[in-house]
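Below: one structure, written as structure tokens.
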Amino acid sequence: MSTGPTQTADILIVGGGIAGAGAAFELAASASVVVLERESQCGYHSTGRSAASFTENYGGTVIRRLAIASRTFLENPPPGFSAYPLLTPRGMITVARQDQLELLELELEHAQVLVPSITRIDAAAALARVPILRPDYVAGAFMEPHSKELDVHGLHQGFLRGAKARGARIVVNAEVQSIERRDRLWWVRTPAGTFCAVTLINAAGAWADPVAELAGVRPLGLIPKRRTAFNVPVPGDLDIRAWPMINDVGEQFYFKPDAGQLFVSPADATPSAPVDAHAEDIDVATGVERLERATTLNVQRISRAWAGLRTFAADAAPVVGRDDGVDEFVWLAGQGGYGIKTSPALSRACASLITSRRLPDDLIRLGVAAAELAPGRLHERAANCYYSSNNADILT
Ligand SMILES: Cc1cc2nc3c(=O)[nH]c(=O)nc-3n(C[C@H](O)[C@H](O)[C@H](O)COP(=O)(O)OP(=O)(O)OC[C@H]3O[C@@H](n4cnc5c(N)ncnc54)[C@H](O)[C@@H]3O)c2cc1C
């Protein structure tokens with residue numbers, strides 16, 4: 001273990017996933033920043049395991065607004081940010097069985113409030129786009145034409161590279177093991193040395209509550225939920241490259257092209273301890289069964305299966321802002337299944353709440369309120385329902 005002299009900064013960020021990387025990128029423009037990442041690579045956990053989808057029609061209203069607010073950055077990142085476009089065409093078709101048509105109507109009405117380009121298409125049009133869909137399965141559909149494929153690696157690396165160019169230090173193999181508040185400063189011990197700063201940002205993903213507990217900050221009752229994904233080969237005569245993503249209106253499965261194969265998820269959301277998540281056979285089997293029910297595919301082989309954690313607050317909105325009990329402790333957590341597509345807006349929100357104690361104007365204009373992101377909204381709920389890192393179960 002290296003000790004060495006204490007390294008100082010204005011801001012320490014715990015976690016080098018998309019959240020920590022984005023915050024570092026924004027804050028390094030005006031402050032000295034150190035990112036502390038436990039693993040040997042920053043994208044090892046949720047950030048490296050996502051479906052890489054940009055949609056403005058998934059998640060609650062605040063999430064949808066944050067995704068809309070992120071589009072400009074993703075379409076036009078700063079010069080030199082990424083060698084390739086971060087967004088490429090994909091489109092998303094939400095399908096419904098006969099027994100789900102009422103739900104489809106409700107979802108369509110809700111979707112069009114914020115995304116008027118979403119339109120109903122008939123089952124034949126859905127089948128024409130994705131010919132493996134079963135005609136006796138799909139009874140109705142709607143299409144989000146501007147949903148995109150997101151280059152997660154490009155975005156994450158762009159944030160990290162840009163943060164470094166602005167002077168930030170990214171320290172890997174640096175698990176935060178203890179956090180002390182002394183002389184109005186945070187003192188943080190890791191195997192890579194001791195660090196000291198005025199402000200601490202908790203961007204630890206599934207570990208955000210345990211990291212808060214290390215700092216003596218009341219946890220928020222964040223719950224990591226496991227989601228499984230797997231790849232299946234498709235018959236060689238199918239050209240799937242231009243297929244849109246197919247999403248079940250009841251959120252029971254989704255699939256899309258992924259490097260010549262299909263990416264499939266049973267859209268599971270199993271509460272989990274904060275761990276290095278792995279795919280369970282039963283969840284993969286559920287995904288195969290749902291895929292085969294909706295399509296003509298007969299799955300012979302799974303080429304790769306994995307799982308990641310999507311971490312939620314009780315109201316499923318992200319948590320961004322200063323803790324209301326402990327000074328200079330800032331939360332950037334609870335991004336659920338939406339943390340990549342919303343990362344440009346959430347990074348700016350976090351930076352702005354630290355530097356000027358208000359949200360950026362464009363987010364306010366879109367109807368996002370600081371109070372609906374603030375950690376304080378969850379403290380009351382957390383008193384009754386939280387995952388304790390010392391406990392094997394979800395306490396409710
Ligand atoms: C299957 C799946 C599909 C998804 N699809 C999408 C999608 O299509 N679009 C979308 O926008 N989002 C999607 N998501 C959600 C998205 O991946 C997450 O919201 C996002 O990655 C969360 O980023 P994060 O930086 O908060 O967490 P992470 O990437 O998990 O980063 C947190 C980091 O903190 C580090 N850490 C924890 N404790 C410590 C400590 N004590 N010391 C130092 N470091 C520590 C961890 O090692 C980790 O690297 C999906 C997620 C999954 C699992």
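Along the sequence shown, residues carry numbers from 1. Order of listing sets the numbers, starting from 1, for every ligand and every atom in it.
Of the candidates Ile63, Thr47, Leu150, Thr47 brings a heavy atom nearest to atom 28 (P) of ligand 1. Residue nearest to atom 18 (C) of ligand 1, selected from Gly337, Gly205, Gly336, Ala307: Gly336 (by heavy-atom distance).
The closest approach between any non-hydrogen atom of Ala174 and ligand 1 is below 4.0 Å. Remark: distances from the non-hydrogen atoms of Ala277 to ligand 1 are all 4.0 Å or more. Residue contact check for ligand 1: Tyr44 places no non-hydrogen atom closer than 4.0 Å to it.
Contacts between Val14 and ligand 1, counted as non-hydrogen atom pairs separated by less than 4.0 Å, involve the side chain only. The residue Ala333 has no part lying near ligand 1, judged by heavy-atom distances below 4.0 Å.
Remark: the His45 side chain and the Glu39 side chain contain an N/O donor-acceptor pair separated by less than 3.5 Å.
Between Ser53 and ligand 1, at least one N/O pair is under 3.5 Å apart. Taking only nitrogen or oxygen atoms, main chain and side chain alike, Gly20 does not reach within less than 3.5 Å of ligand 1. Residue Gly308 places no N or O, backbone or side chain, under 3.5 Å from any N or O of ligand 1. Here's the thing with Val211: none of its N/O atoms is less than 3.5 angstrom from an N/O atom of ligand 1. Considering backbone and side-chain N/O of Ile340, one or more are found under 3.5 Å from N/O of ligand 1.
With contacts defined as side-chain heavy-atom distances shorter than 4.5 Å, the pair Leu359/Leu353 qualifies. By the 4.5 Å heavy-atom criterion applied to side chains, Trp243 and Lys256 are not counted as neighbours.
For Asp281, the CG atom is loosely surrounded, since the number of other residues' heavy atoms within 6.0 Å does not exceed 12.
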ask   = Going through the distances and angles, do Glu144 and Arg90 end up as a salt bridge (charged side-chain N to carboxylate O under 4.0 Å, His left out)?
value = CA-CA 9 Å; Glu144 183 186 358; Arg90 172 64 62 211; over 6 Å; no

| message | Walk me through whether Tyr44 and Glu37 qualify under side-chain hydrogen bond (donor to acceptor under 3.5 Å, both in side chains). | response | CA-CA 10 Å; Tyr44 179 74; Glu37 168 54 49; over 6 Å; no

Between Arg377 and Asp324, is a salt bridge (charged side-chain N to carboxylate O under 4.0 Å, His left out) present by the stated rule, with each step listed?
CA-CA 10 Å; Arg377 75 187 199 272; Asp324 50 351; over 6 Å; no

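Protein heavy atom closest to atom 33 (C) of ligand 1, with residue, atom name and distance, is Glu37 OE1, 3.6 Å. Ranking protein heavy atoms by distance to atom 42 (N) of ligand 1, first place goes to Val176 N, 2.8 Å. Regarding atom 51 (C) of ligand 1, its nearest protein heavy-atom neighbour is Arg310 CG, 3.5 Å. Of all protein heavy atoms, the one lying nearest to atom 44 (N) of ligand 1 is Arg38 N, 3.1 Å. Closest to atom 50 (C) of ligand 1 among all protein heavy atoms lies Ser50 CB, 3.6 Å. With hydrogens left out, the protein atom closest to atom 22 (C) of ligand 1 is Ser46 CB, 4.1 Å, a heavy atom. With hydrogens left out, the protein atom closest to atom 34 (O) of ligand 1 is Gly15 CA, 3.3 Å, a heavy atom. Given atom 5 (N) of ligand 1, the protein heavy atom at minimum distance is Ala51 N, 2.9 Å.
Centroid-to-centroid, the aromatic rings of Phe263 and Trp306 come within less than 6.0 Å.
With Asp323 contributing its side chain and Phe329 its backbone, the two residues share no donor-acceptor pair below 3.5 Å.
Relative orientation of the Phe81 and Phe25 rings is perpendicular, given thresholds of 30° and 60° on the angle between their planes.
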